[in-house]
Amino acid sequence: MAVRLRLARAGKKKQPFYRIVAVDSRKARDGMWLERLGYYNPLTSPPLVELNEERVNYWLDCGAQPSDTVRSLLGRKGILLRRDLVKKGLEPARIEEEVKKWEVLQIERHRRIEAKEAEKRAAAAAEGEKAEPEAEPEPEAPAEAAPAEGAEEPAPEA
């Protein structure tokens, strides 16, 4: 039996919510699964991923193949990095050190992304402020009545 780790859709219309499951690869997407390993909610910001790391490693050790999306989620959680370091035969202390470095890099990456989004929001807000005055033209001040030609100016009073 070929086992795959993949997403099973749940939720409701236009509000997807996915379970991460181990399933026989011949079964339908929403068919009977072997074990539920976690969930993925793409609608939150940042997307929420919760995994049972121990059981994911068990299934990967048994030869289960993750789908592309699940592989991406495992990479974001650092599970694939940890597995790769274990395969290289590094000591547990060294593995923890490498994972800590990776986590710091992920935090920095997340901050850069947030800063970029904040810049985009500020630029959009500034663009919106510029656009508003153009949308509502100011009423023109009434033009001063120009004196008609040939009209005499009133004599200054003494």
How would you list, by chain and number, every residue that makes a side-chain contact (heavy atoms from CB on, under 4.5 Å) with [X], sequence neighbours excluded?
X	result
Glu108	Val104, Leu105, Arg112
Thr44	Asn41, Leu48
Lys101	Glu97, Glu98
Glu114	His110

Could you grab the distance from atom [atom1] of [X] to atom [atom2] of [Y], nearest 0.5 Å is fine?
X	Y	atom1	atom2	result
Leu73	Ile79	CG	CD1	9.5 Å
Leu74	Ile20	CG	CD1	7.0 Å
Glu103	Glu96	CD	CD	8.5 Å

Looking at [X] and [Y], what are the two nearest heavy atoms and their distance?
X	Y	answer
Ala10	Arg19	CB-NH1, 4.0 Å
Val3	Leu34	CG2-CD1, 4.0 Å
Pro16	Pro42	O-CD, 3.8 Å
Met32	Val23	O-CG2, 3.5 Å
Ser25	Arg6	O-NH1, 3.9 Å

_Test question: given the 4.5 Å side-chain rule for I, L, V, M, F, W and Y, name all other residues clustered with Leu90, or answer none._
Leu81, Leu85, Val86, Ile95, Val99, Trp102
*Just jot down the side-chain hydrogen bond (donor to acceptor under 3.5 Å, both in side chains) partners of Asn52, sequence neighbours excluded, or say none.*
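Testing Asn52 for side-chain hydrogen bond (donor to acceptor under 3.5 Å, both in side chains), a comparison that skips the adjacent residues, returns none.
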*Contacts of type side-chain hydrogen bond (donor to acceptor under 3.5 Å, both in side chains), residue Arg9, not counting sequence neighbours*: none
*Identify whether Leu51 and Val21 are in the same connected component of the hydrophobic contact network (ILVMFWY, side-chain heavy atoms under 4.5 Å).*
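The answer is no; the residues belong to distinct hydrophobic clusters.
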*Following the transitive rule for hydrophobic clusters with a side-chain heavy-atom cut-off under 4.5 Å over Ile, Leu, Val, Met, Phe, Trp and Tyr, establish whether Trp33 and Leu7 coincide in one cluster.*
no
*Kindly determine whether Val56 and Val70 satisfy side chain to side chain contact (heavy atoms under 4.5 Å, CB included), including the steps that lead there.*
CA-CA 11 Å; Val56 169; Val70 171; over 6 Å; no
*Below 4.5 Å, heavy atoms only, C-beta onward: do Ser67 and Leu5 meet side chain to side chain?*
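Sidechains of Leu5 and Ser67: no contact.
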*Kindly write out the residues that satisfy salt bridge (charged side-chain N to carboxylate O under 4.0 Å, His left out) with Arg109, not counting sequence neighbours, or none if the list is empty.*
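Testing Arg109 for salt bridge (charged side-chain N to carboxylate O under 4.0 Å, His left out), a comparison that skips the adjacent residues, returns none.
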_Tell me which pairs pass ring pair (Phe, Tyr, Trp, His ring centres under 6.0 Å) where either residue lies in residues 34-65, with sequence neighbours left out._
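Applying ring pair (Phe, Tyr, Trp, His ring centres under 6.0 Å) to every pair that reaches into residues 34-65, excluding sequence neighbours, yields Phe17-Tyr39.
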*Scan for salt bridge (Lys or Arg N to Asp or Glu O under 4.0 Å) pairs involving residues 49-77, sequence neighbours excluded, and state none if there are none.*
Glu35-Arg55, Glu53-Arg82, Asp61-Arg83
